[in-house]
Amino acid sequence: MKNATLIAIISLSVVILIDLIQFILSFFEVYSMGMYRVFGVLNLLGFVGILQFFVKLYSKQKE
């Protein structure tokens with residue numbers, strides 16, 4: 001459970017950091033559709049890390 005919690009915390013931090021980077025880049029002309037797709041994939045990977053925590057929590061609660 002500790003590993004799942006650590007991965008969830010890191011994933012949540014990555015998602016927040018990616019959103020902050022997107023917000024800052026949106027003020028400049030460097031933000032493009034390619035970057036939007038890359039950030040979308042990174043966000044998806046971050047949410048997969050958070051999902052692992054909830055699956056582990058559900059399986060532990062079911063025991």
Side-chain angles (χ1 to χ4, degrees):
M1 190 69 186
K2 291 181 182 179
N3 289 339
T5 305
L6 181 64
I7 290 172
I9 291 171
I10 291 170
S11 297
L12 183 62
S13 301
V14 167
V15 168
I16 292 171
L17 182 66
I18 289 170
D19 287 341
L20 183 63
I21 291 171
Q22 279 183 311
F23 180 72
I24 291 170
L25 288 179
S26 67
F27 289 112
F28 303 106
E29 297 292 323
V30 295
Y31 197 70
S32 66
M33 187 54 116
M35 290 179 72
Y36 178 76
R37 290 182 183 138
V38 169
F39 286 135
V41 170
L42 292 175
N43 266 330
L44 183 64
L45 292 174
F47 284 119
V48 166
I50 295 170
L51 178 68
Q52 176 196 9
F53 169 76
F54 286 110
V55 168
K56 188 74 113 172
L57 185 65
Y58 175 75
S59 67
K60 187 171 178 127
Q61 182 183 15
K62 199 172 182 180
E63 292 176 357

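Residue numbers start at 1 and run along the sequence shown.
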Residue pairs, two or more places apart or on separate chains, that pass side chain to side chain donor-acceptor pair (under 3.5 Å) and touch residues 20-29: Q22-Y31
Result of checking L45, V38, L42 against I18 for side-chain contact (heavy atoms from CB on, under 4.5 Å): L42
Heavy-atom closest pair, residues [X] and [Y]:
X   : Y   : value
V15 : G46 : CG2-CA, 3.8 Å
F23 : F27 : O-CD1, 3.3 Å
S11 : I50 : CB-CG1, 3.8 Å

Taking [Y] as the starting point, is it possible to reach [X] by hopping between hydrophobic residues whose side chains are less than 4.5 Å apart?
X   : Y   : value
L57 : I9  : no
L51 : I16 : no
M33 : V30 : yes
L20 : I10 : yes
V55 : L44 : no

Check: F53 and I7 side chains under 4.5 Å, non-hydrogen atoms: no
